[in-house]
Amino acid sequence: MHTLFVFLFIISISSALGICFRRRIEETIPVSILGLILMLYIFGLVCGGSLLPGVYVCLACGGISFLYVGKSIITDRDRVKENCLVPGLLVYFVLFAWLWYINRNRLFSSWDEFSHWGLVVKNMDFFDWFGNHPESTVNFRGYPPATALWQHFIGKLYGVFSEGHVYQATGWLIAALCMPIASKMKWKNTFRAIFSVSFLIAVPMIFNASYLILLYVDVILGIMLGYLLYCGFFSEKKDVFYYVNISVALCVLALTKASGVFLALVAAAVIGGYELVKAAKGRQKGDIKRVLIMLAGFLAAILIGKFSWSIYLKLTETSEAWNTSSMTFSNIFNLFLGKGEEY
């Protein structure tokens, strides 16, 4: 029952966004999860590190979304059917159930899970605080908290901490980021939709065969970069949803790991360059101005994510995991010579 509640919670918020912005649920599931992460982060900062207020606000958003979807079923059934009752709903349910099954009763097993990626979620659950709580046993307290916040929140939805829930939360985030590829498929293409999303989830196994059963965020960084580029290149409507989606994803990417700031900048530059080329071909000054404003917004999202966390760490006298000021051309060159730092 708890797992069904978690699924319905995610789908309620995703459906509400789909109905509101006229977007299919395949596109809104990742935005819902990334938005929840960002909301937990913002309220954590505002409340000086305490995570419970953010959890309550997210729960309230879920309840309001559920009521909104229920109202829409009565008053605008066609829009609900068009945006919510689509193959992606079945695809995510299947993947959600599968990831729950393979990770049930899992326990932390690798060194990095004991030293940080699992340990930080345990501490968050115990203290309801960021990983830098004064009594925390986390070794690397300055690591950005994005994925840990999501894993902590899933534990709160279950009402009890379990190491298996941490793995499940990670898998559900990865599956969500792969969902947009199925956003143009109809019910007659359901098998193709399941195959397409599953194939995307399986591709990283070429480089890391065990990434789905470990808590390392390196593969998530790559998947988030791919998600951003896909949305940037293949989104047909450049509306409010598009700009919010990209901005939130860039901010969360910067808050996933210190190296995520660089990847976020790369994604923003590629998307911005692509849009500038299109605008230049159209030779309309208004389009170029729109793209430049868009780029400024994307850059602001990245910088807000990066510096808000840095400022919080300074205010709480916590050392950063990796200061990006050391990312100079000489240090980058040293990487290729085998003399660089390990991140």
Side-chain angles (χ1 to χ4, degrees), residues 17 20-21 23 27-28 30-48 54 57-58 61 130 142-147 149-150 177 180 217 220-221 223-235 237-280 285-315 320-328:
L17 288 176
C20 182
F21 290 102
R23 294 283 189 144
E27 299 173 274
T28 59
V31 182
S32 300
I33 293 178
L34 296 176
L36 287 169
I37 292 172
L38 193 56
M39 196 178 302
L40 290 164
Y41 174 72
I42 291 171
F43 276 91
L45 290 182
V46 171
C47 298
V57 171
C58 289
C61 289
F130 282 130
Y143 264 44
T147 53
L149 285 172
W150 171 242
L177 292 170
V217 300
I220 294 178
L221 291 174
I223 292 174
M224 288 187 69
L225 175 61
Y227 169 78
L228 279 161
L229 295 178
Y230 181 88
C231 292
F233 290 148
F234 296 102
S235 293
K237 294 189 292 184
K238 300 298 188 293
D239 54 5
V240 173
F241 179 86
Y242 169 81
Y243 296 119
V244 170
N245 177 22
I246 299 294
S247 298
V248 169
L250 287 170
C251 189
V252 173
L253 179 55
L255 289 167
T256 300
K257 197 175 182 181
S259 53
V261 175
F262 175 71
L263 294 178
L265 289 171
V266 169
V270 172
I271 294 171
Y274 175 71
E275 290 296 328
L276 276 175
V277 170
K278 286 171 58 180
K285 292 183 179 179
D287 287 343
I288 295 177
K289 183 179 179 181
R290 175 188 61 81
V291 174
L292 292 176
I293 294 174
M294 176 192 76
L295 267 174
F298 290 168
L299 180 60
I302 298 169
L303 295 179
I304 288 171
K306 160 63 181 170
F307 288 109
S308 62
W309 183 244
S310 297
I311 292 170
Y312 170 76
L313 293 180
K314 287 182 179 179
L315 291 175
E320 287 194 63
W322 173 38
N323 190 342
T324 50
S325 63
S326 64
M327 193 172 64
T328 62

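Predicted, not measured: the structure shown is a model, and the values here were computed from it.
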Distance check, rounded to the nearest 0.5 Å: [X] atom [atom1] versus [Y] atom [atom2]?
| X | Y | atom1 | atom2 | answer |
| --- | --- | --- | --- | --- |
| Phe262 | Leu225 | CZ | CG | 10.0 Å |
| Ile302 | Leu265 | CD1 | CG | 4.5 Å |
| Leu149 | Phe130 | CG | CZ | 5.5 Å |
| Leu276 | Leu295 | CG | CG | 6.0 Å |

Would you check, one step at a time, whether the test side-chain contact (heavy atoms from CB on, under 4.5 Å) holds for Leu299 with Leu250? CA-CA 9 Å; Leu299 180 60; Leu250 287 170; over 6 Å; no

For [X] against [Y], the heavy-atom pair lying closest together:
| X | Y | result |
| --- | --- | --- |
| Ala301 | Ser247 | CB-O, 3.5 Å |
| Ile37 | Ala146 | CG2-O, 3.6 Å |
| Leu228 | Ala267 | CD1-CB, 3.9 Å |
| Leu221 | Gly260 | CD2-CA, 4.0 Å |
| Tyr227 | Glu27 | OH-O, 4.4 Å |
| Leu229 | Val270 | CD2-CG1, 3.8 Å |

Using side-chain heavy atoms (C-beta onward) and a distance below 4.5 Å, is [X] in contact with [Y]?
| X | Y | result |
| --- | --- | --- |
| Pro144 | Thr256 | no |
| Tyr242 | Lys237 | no |
| Leu34 | Leu177 | yes |
| Ile246 | Cys231 | yes |

Leu263 vs Leu253, test: side-chain contact (heavy atoms from CB on, under 4.5 Å). Steps then yes/no. CA-CA 8 Å; Leu263 294 178; Leu253 179 55; 4.1 Å; yes

Please identify each residue that fulfils salt bridge (charged side-chain N to carboxylate O under 4.0 Å, His left out) with Lys238, with sequence neighbours left out.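 With neighbours one apart ignored, the set is Glu275.
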
Contacts of type side-chain hydrogen bond (donor to acceptor under 3.5 Å, both in side chains), residue Tyr312, not counting sequence neighbours: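 With sequence neighbours excluded, Tyr312 shows a side-chain hydrogen bond (donor to acceptor under 3.5 Å, both in side chains) to Asn132, given in chain and number order.
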
Give the intermediate values and the outcome of side-chain contact (heavy atoms from CB on, under 4.5 Å) for residues Leu255 and Leu38. CA-CA 9 Å; Leu255 289 167; Leu38 193 56; 4.3 Å; yes

Indicate whether any N or O donor in one side chain lies under 3.5 Å from an N or O acceptor in the other, for Tyr41 and Ser308.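 Note: Tyr41 and Ser308 side chains meet the donor-acceptor criterion.
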
Main chain of Gly142, side chain of Trp309: is a donor-acceptor contact present, judged purely on distance under 3.5 Å?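 Side chain of Trp309 to backbone of Gly142, a donor-acceptor pair under 3.5 Å: yes, one is there.
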
Between Tyr274 and Phe233, how do the two ring planes meet: parallel, tilted or perpendicular, split at 30° and 60°?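 Rings of Tyr274 and Phe233: perpendicular, over 60°.
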
Give the ring-plane orientation class for Phe21 versus Phe241, where under 30° counts as parallel, over 60° as perpendicular and anything between as tilted.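 Tilted, since the angle between the ring planes falls between 30° and 60°.
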
Is there a side-chain contact (heavy atoms from CB on, under 4.5 Å) between Asp287 and Lys278 once you walk through the steps? CA-CA 9 Å; Asp287 287 343; Lys278 286 171 58 180; over 6 Å; no

Asp239/Arg23 salt bridge by N-O under 4.0 Å criterion: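 Looking at Asp239 together with Arg23, the answer is yes, because their closest N to O distance falls below 4.0 Å.
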
